[in-house]
Amino acid sequence: MNEYDSHLVESQLVSMGASIVDNMDAADFVLLNTCAVRGKPVEKVKSVLGQLRLEKKRRPLTVGMMGCLAQLEEGQQIARKFEVDILLGPGAILDLPAALESNERFWSLHFRDELHDFIPPPPQGKLQAHLTIMRGCDHRCTYCIVPTTRGPQVSRHPDHILKELDSLLGAGVQEVTLLGQNVNSYGIDQGQRIPGIPSFAELLRMVGSSGIKRIKFTTSHPMNFTEDVVQAMAETPAVCEFIHLPVQSGSSRVLKRMAREYNREKYLEHIACIKKWMPDAVLFTDIIVGFPGETEEDFQETLSLYDEVGYDSAYMFIYSARPGTPSYKHFEDLPREVKTERLMRLIERQKEWAMRRNSRFVGRDVEVLLRGDAFNPDFLEGHTRGQHATIVPKVPGMDKAGIYTVRVEQVTPHQFNAKFLDAQGHTLEPILAPTPEAALLSSPLPMA
Ligand code: 5AD
Ligand code: SF4
């Protein structure tokens, strides 16, 4: 979501005549897009703002802060301390031109409805793009600050979504990721079905008939999970066989304290439904370890759920007590060592399963979107339909970004090493034999 908003802001700046530089020292204006979900990114923002405050003493420089942290009192205190000139809440990013024209400190935290209709110019020269289908969240998970920072859920009208999709297609985009805090409840805002807005399953079919080659989406909340979405996925060829279904914990007791509105059994029913429609689907999840009151038995339930589902991968987080959330107010944080030790054990489990699950692809031909050169320019890098980071050695005539079928030769828990095929289905030899460095080119899954 932040990447999408960064692109939106970047396009506003470019249309105002600015150019984007990749180094803060060369910039007249630095705008930090912030995250408030965990404490660590907040510390990072403070450290960068500290550097920028010093820099401002040396030369003319405008400093801005946007994103979830900007919406919080915590963020506004930080902004005051570090003399931030422009502060834009997640709903106020269209105020950026006005902010830059103003000669005074400009802080805007209101939500502008035009944001839902705004269609940013498409990214240039990219095969992949994000597309926001809704903003905000109607859930109240006790650990989560997002409903406070991003407000209640508002679904975008399908006309705007399809118009934006058209513009992406026109710019050569081949894979789109539909974004929302909880895509499964698309069209049902604050418990009310919005007239004229399709369900998420219907939207998937509409996007699927646009001519786009690959569709992914994130994130689904198990509470709003419905079989018609899985059916639409299975029946729409462009929709990738990839589901990210955050579970957060395998213990029903912890799930209740998190106010997740489902229990372990219900979650496993959803997994069974996915496996029924798409037996080979790639499954990702999010897990928080060390939620207040989580016992060793609760944690064992998370590990056993991991084994029962057999996830392809997981984003794993240590619980971070965020001021303003119910769990911060009402529950006591567990000791840091307990949380860290559990995370380590979970990461081990994740790696074992990722290796086991990835191994099923060895020798198989898979579709990969290669977005361009890897760190080592003898290789191209990209992702499969199941989100596996993949590298492929270039061969004569096959050195450009695009969607290809490749044969998986080796896997690690983080990466596929694959080869191009010729018309007869034989693997093509690379210009250079893969070096041991190839192993270093992987982009490991983000973990906290
Ligand atoms: N501490 C740790 N992880 C969190 N997440 C959300 N809030 C917190 C928190 N306070 C994680 C959840 C969510 C993902 C985006 O971030 O796992 O799915
Ligand atoms: Fe946060 Fe829960 Fe909403 Fe996800 S569903 S954004 S975890 S409150």
Side-chain angles (χ1 to χ4, degrees), residues 1-4 34-43 67-69 71-72 74 90 132-155 177 179-186 188-191 200 217-225 243-251 254-262 267 270 283-294 299 302 305-306 311 313-334 336 338-340 342-343 346-347 350 445-448:
M1 193 66 88
N2 268 14
E3 263 183 55
Y4 178 88
T34 61
C35 173
V37 165
R38 285 173 290 278
K40 234 184 193 163
V42 177
E43 292 311 311
C68 283
L69 187 57
Q71 195 70 29
L72 298 174
E74 182 187 8
T132 286
I133 62 165
M134 62 221 287
R135 287 179 179 269
C137 179
D138 287 338
H139 286 279
R140 290 290 175 272
C141 304
T142 52
Y143 51 80
C144 185
I145 198 69
V146 170
T148 312
T149 58
R150 289 194 173 255
Q153 177 182 308
V154 181
S155 302
T177 302
L179 296 178
Q181 299 306 143
N182 176 13
V183 292
N184 292 66
S185 61
Y186 174 75
I188 311 167
D189 296 347
Q190 291 123 72
F200 183 58
F217 58 85
T218 192
T219 297
S220 304
H221 189 300
M223 166 63 187
N224 306 95
F225 182 93
I243 295 202
H244 177 213
L245 194 63
V247 66
Q248 313 297 0
S249 168
S251 152
V254 173
L255 288 171
K256 195 158 186 196
R257 284 161 69 88
M258 289 176 164
R260 287 291 286 177
E261 304 170 75
Y262 57 86
Y267 181 87
H270 297 326
L283 278 165
F284 274 39
T285 197
D286 289 357
I287 295 176
I288 297 177
V289 296
F291 186 75
E294 181 190 76
F299 178 64
T302 296
L305 178 116
Y306 206 108
Y311 291 109
S313 199
Y315 299 99
M316 298 162 283
F317 308 103
I318 283 184
Y319 169 75
S320 171
R322 301 297 298 126
T325 58
S327 62
Y328 175 87
K329 195 162 162 205
H330 300 298
F331 303 139
E332 200 179 321
D333 208 354
L334 290 179
R336 180 93 207 160
V338 172
K339 298 197 284 186
T340 312
R342 285 183 192 161
L343 179 69
L346 182 62
I347 290 175
Q350 178 269 339
L445 293 168
M447 288 170 199

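As a basis for the values below, the full set of heavy atoms in this structure was taken, side chains included, without hydrogen atoms, waters or symmetry mates. Indexing begins at 1, ligand by ligand and atom by atom, following the structure's order.
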Against heavy atoms of [X], which atoms of ligand 1 measure under 4.0 Å?
X	value
I288	3 (N), 4 (C), 5 (N), 12 (C), 17 (O)
R322	10 (N)
Y319	1 (N), 2 (C)

Determine, considering heavy atoms only, which of [options] sits nearest to [atom].
atom	options	result
atom 17 (O) of ligand 1	H244, K40, Q248	Q248
atom 9 (C) of ligand 1	P246, G290, A314, S320	S320
atom 6 (C) of ligand 1	V37, T142, D286, I287	V37

Checklist entry - Any heavy atom of R260 sitting closer than 4.0 Å to ligand 2? => result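 Heavy atoms of R260 do come under 4.0 Å of ligand 2.
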Looking at side-chain heavy atoms only, is the closest gap between [X] and [Y] below 4.5 Å?
X	Y	answer
V289	I318	yes
V183	T218	no
T132	M1	yes
L334	Y319	no

Next on the checklist: Under 2.8 Å from atom 2 (Fe) of ligand 2 - does any N, O or S atom of H139 fall there?
Outcome noted: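 For H139, the answer is no, given that no N, O or S atom comes within less than 2.8 Å of atom 2 (Fe) of ligand 2.
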Checklist entry - Is I318 in contact with ligand 1, taking contact as a heavy-atom separation below 4.0 Å? => result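 Contact check I318 vs ligand 1: positive.
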Shortest protein heavy-atom distance from [atom], along with the residue and atom involved:
atom	value
atom 7 (S) of ligand 2	Y143 OH, 3.4 Å
atom 7 (N) of ligand 1	Y143 CD1, 3.2 Å
atom 6 (S) of ligand 2	Q181 NE2, 3.5 Å
atom 2 (Fe) of ligand 2	C141 SG, 2.3 Å
atom 11 (C) of ligand 1	R38 NH1, 3.3 Å

Checklist entry - Of the backbone and side-chain N, O or S atoms of C144, does one lie nearer to atom 1 (Fe) of ligand 2 than 2.8 Å? => result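 It does; at least one qualifying atom falls short of 2.8 Å.
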Run the numbers for me: atoms of ligand 2, each under 4.0 Å from some heavy atom of [X], listed by number.
X	answer
P147	8 (S)
H221	5 (S)
V146	6 (S)

Item to check | Distance-only polar pair, side chains of R38 and Y143, donor-acceptor under 3.5 Å | outcome: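 Looking only at side-chain atoms, Y143 and R38 do not form any donor-acceptor pair under 3.5 Å.
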Checklist entry - Counting only heavy atoms on the protein side, is anything nearer than 4.0 Å to atom 4 (Fe) of ligand 2? => result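 Protein heavy atoms within 4.0 Å of atom 4 (Fe) of ligand 2 - there are none.
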Checklist entry - Taking the six-membered ring for Trp, are H221 and H139 parallel (under 30°), tilted (30 to 60°) or perpendicular (over 60°)? => result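 The arrangement is parallel - the two ring planes meet at less than 30°.
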For the pair [X] (side chain) and [Y] (backbone), establish whether a donor and an acceptor sit closer than 3.5 Å, ignoring hydrogens and angles.
X	Y	answer
H270	P222	yes
Q190	Q153	yes
R322	A36	yes
T142	P326	no

Checklist entry - What do we get for P246 next to ligand 2 when only non-hydrogen atoms under 4.0 Å count, side chain, backbone, both or neither? => result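 Answer for P246: neither.
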Item to check | Within reach of ligand 2, part of C137 (heavy-atom separation under 4.0 Å) | outcome: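 For C137, the contact with ligand 2 is made by the side chain alone.
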Next on the checklist: Using the ring centroid of each side chain, check whether F225 and Y262 are separated by less than 6.0 Å.
Outcome noted: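 No - the distance between ring centres of F225 and Y262 does not fall below the 6.0 Å cut-off.
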Item to check | Rounded distance (nearest 0.5 Å) linking atom OG of S320 with atom NZ of K339 | outcome: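 One gets 7.0 Å once the value is rounded to the nearest 0.5 Å.
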Item to check | Side-chain ion pair, E294 and R257, N-O less than 4.0 Å | outcome: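 Between R257 and E294 there is no salt bridge, as every charged N stays at least 4.0 Å from the carboxylate O atoms.
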